[in-house]
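A quick write-up on the structure given underneath.
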Amino acid sequence: MSEPRFLAVRVGDLVAVRRTPDWWVGQVIHAEGGARCNANSLFQIACIDTGVIRTVNADAVIDILCPRDQQSSGTLEPAHNHSHQAQRTGQRHQENNRHGSRK
């Protein structure tokens, strides 16, 4: 029988967590070892959908979806041209001026 998946989890990994009957995906932000050995016993995991940080027992982690060393890093590229934001900013300045504020 192979080792449980949670033993290979490291901080930064993207993991699947099962809480009966649901499951969710999160990123490990802290791992706590046991008192007798360094094997994972508890994780703090940030849910990727809500941002909520949850403390879970290590055996609730059912799989490592993306190890931290395989995640892309670097600067984020914009998905599209954000010229509409510049237009809204201009409108906001016009509204402020209309209400008597000076910028």
Side-chain angles (χ1 to χ4, degrees):
M1 188 167 147
S2 65
E3 285 187 343
R5 262 325 250 160
F6 67 84
L7 292 176
V9 172
R10 297 182 303 167
V11 172
D13 290 348
L14 198 62
V15 295
V17 181
R18 169 159 287 152
R19 282 201 167 162
T20 307
D22 295 330
W23 64 274
W24 51 279
V25 175
Q27 187 167 24
V28 178
I29 60 172
H30 180 75
E32 188 71 30
R36 296 183 190 137
C37 65
N38 285 338
N40 295 327
S41 60
L42 290 172
F43 295 116
Q44 284 187 324
I45 302 174
C47 177
I48 63 165
D49 291 329
T50 63
V52 173
I53 297 172
R54 301 177 186 178
T55 301
V56 299
N57 287 328
D59 61 351
V61 174
I62 55 176
D63 202 4
I64 300 170
L65 303 176
C66 185
R68 70 175 172 191
D69 54 354
Q70 291 181 5
Q71 296 174 21
S72 64
S73 62
T75 58
L76 294 175
E77 297 296 327
H80 54 50
N81 185 349
H82 294 287
S83 62
H84 64 280
Q85 290 178 341
Q87 292 171 353
R88 294 187 87 192
T89 303
Q91 290 171 352
R92 190 173 303 137
H93 288 305
Q94 290 172 358
E95 289 175 12
N96 288 341
N97 290 335
R98 185 174 56 209
H99 294 291
S101 65
R102 296 179 186 208
K103 286 197 172 193

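This one's a predicted model, so the numbers in the text were calculated from it and none came from an experiment. Heads up: numbering here begins at 1 and tracks the sequence.
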Legend entry - Whichever hydrophobic residues join Val25 through chains of side-chain contacts under 4.5 Å: Leu14, Trp23, Ile48, Leu65
Inset, instruction - To the nearest 0.5 angstrom, please state how far the NE2 atom of His30 sits from the CD1 atom of Ile45. - result: 11.5 Å
Legend entry - Sequence neighbours excluded, every pair satisfying salt bridge (charged side-chain N to carboxylate O under 4.0 Å, His left out) that has a member inside residues 18-28: none
Inset, instruction - Taking the side chain as every heavy atom from C-beta outward, state whether Val15 and Trp24 have any atom pair closer than 4.5 Å. - result: no
Inset, instruction - Using the salt bridge (charged side-chain N to carboxylate O under 4.0 Å, His left out) rule, collect all pairs that involve residues 7-16, keeping only residues at least two apart or in two chains. - result: Arg10-Asp69
Can I get a per-line list of side-chain donor-acceptor pairs under 3.5 Å for residues 33-43, giving both atom names and the distance, sequence neighbours left out?
unit_1	atom_1	unit_2	atom_2	d
Asn40	ND2	Phe6	O	2.8
Asn40	ND2	Val9	O	3.1
Ser41	OG	Glu32	O	3.1
Ser41	OG	Gly33	O	3.4

Inset, instruction - Step by step, work out the side chain to side chain contact (heavy atoms under 4.5 Å, CB included) result for Ile29 and Ile53. - result: CA-CA 9 Å; Ile29 60 172; Ile53 297 172; 3.6 Å; yes
Inset, instruction - Could you name each residue pair satisfying salt bridge (charged side-chain N to carboxylate O under 4.0 Å, His left out) that touches residues 37-63, not counting sequence neighbours? - result: Arg5-Asp63
Legend entry - Contacts of Gln44 that satisfy side-chain hydrogen bond (donor to acceptor under 3.5 Å, both in side chains) - sequence neighbours left out: none
